[in-house]
Amino acid sequence: MRIASWNVNSLNVRLPHLEQWLRERAPDVAALQETKLEDSRFPDDALAALGYHSVFAGQKTYNGVALLSRMPATDVQIGIPGFEDEQRRVIAATFGDLRVVNLYVVNGHSVGSEKYAYKLRWLDAVHGWLASERLRWPNLVVLGDFNIAPADRDTHDPAIWNDDSILTSTAERAALRRLEGLGLADSYRWFSDEAGQFSWWDYRAAAFRRNLGLRIDLVLASEGLRPRATGAAIDREPRTWERPSDHAPVWLDID
DNA sequence: ATGGTAGGGCACCTA
């Protein structure tokens, strides 16, 4: 079973990319972020033609998340329970014995900004919710665009991406570690200790060609899934296509 | 190099 995540940065623009990628990589579950589409415009018919069910929570212009799956979703949850938020950043659903939580974590703009405070508040609310999800579901996968690079080896330059930089600051990394403290592991690290493996590259300054990136798209999995895990990947190929998303798809394969 | 590029939507905001 392949569980994937991809920040598509506008599904309106990236639908052809997504269709090709679904055909080639055949994920069983795909979590999408930054769909930037109102629900009435979600291309569920086109995705159904490829054999995927869709559940989604979108809005105009910004944010938007979706879960595509071979089997229908049950127990769909949109948003963080008890946390008022107009921004569509969270959708969760159950597929068989697996609970899947798709997150588009707040970017945060810059350390100390209002958006940064919102990011930390939002992550705190996610932590509280996931603590109960973790008890309810032994097989829990929390994946998406975390907008946090877990460690220095997940950045192209730790001098730039330091304790005071957005996406790598001390408080952001502490929030990520708190989520991991619930018994969730960065599953990519079950398979690779390599530095310089990135999932996002800025559109500017030829960052992809120069591999100036960050690994901020993560698949956290409950420790009980580790014996079932058979591989993890960052799929750089769609980043080489014409008019790409700035993010690469990532995935975890489990038996 | 406080720039650079991309998406949405038509003036800037977000990333």
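By convention in this document, chain letters (A, B, ...) are assigned in the order of the sequence lines, proteins followed by strands, and residues within each chain are numbered from 1.
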*Please state the C1' separation for the pair dG3(B) and dA15(B) - nearest whole angstrom.*
15 Å
_Within the 4.0 Å limit for protein heavy atoms, which parts of nucleotides 5-15 of chain B are touched? Write it as a string from 5' to 3', B for base, S for sugar-phosphate only, - for none._
BSSSS---BSB
*Do the side-chain N and O atoms of H156(A) and W201(A) include a donor-acceptor pair separated by under 3.5 angstrom?*
no
*Does atom CD of E114(A) have more than 12 heavy-atom neighbours, drawn from other residues, nucleotides or ligands, at distances under 6.0 Å?*
no
*The single option from N102(A), N147(A), D145(A) passing side chain to side chain donor-acceptor pair (under 3.5 Å) against Q33(A)*: N102(A)
*Can you tell me how far P in dG9(B) sits from the matching atom in dT5(B), rounded to whole Å?*
22 Å
_Using 30° and 60° as the class boundaries, would you call the ring planes of W200(A) and W161(A) parallel, tilted or perpendicular?_
perpendicular
*Provide the distance between the two C1' atoms, one in dT14(B) and one in dG4(B), to the nearest whole Å.*
15 Å
_R70(A) to Y52(A), cation-pi by 6.0 Å centre distance and 45° axis angle_ = yes
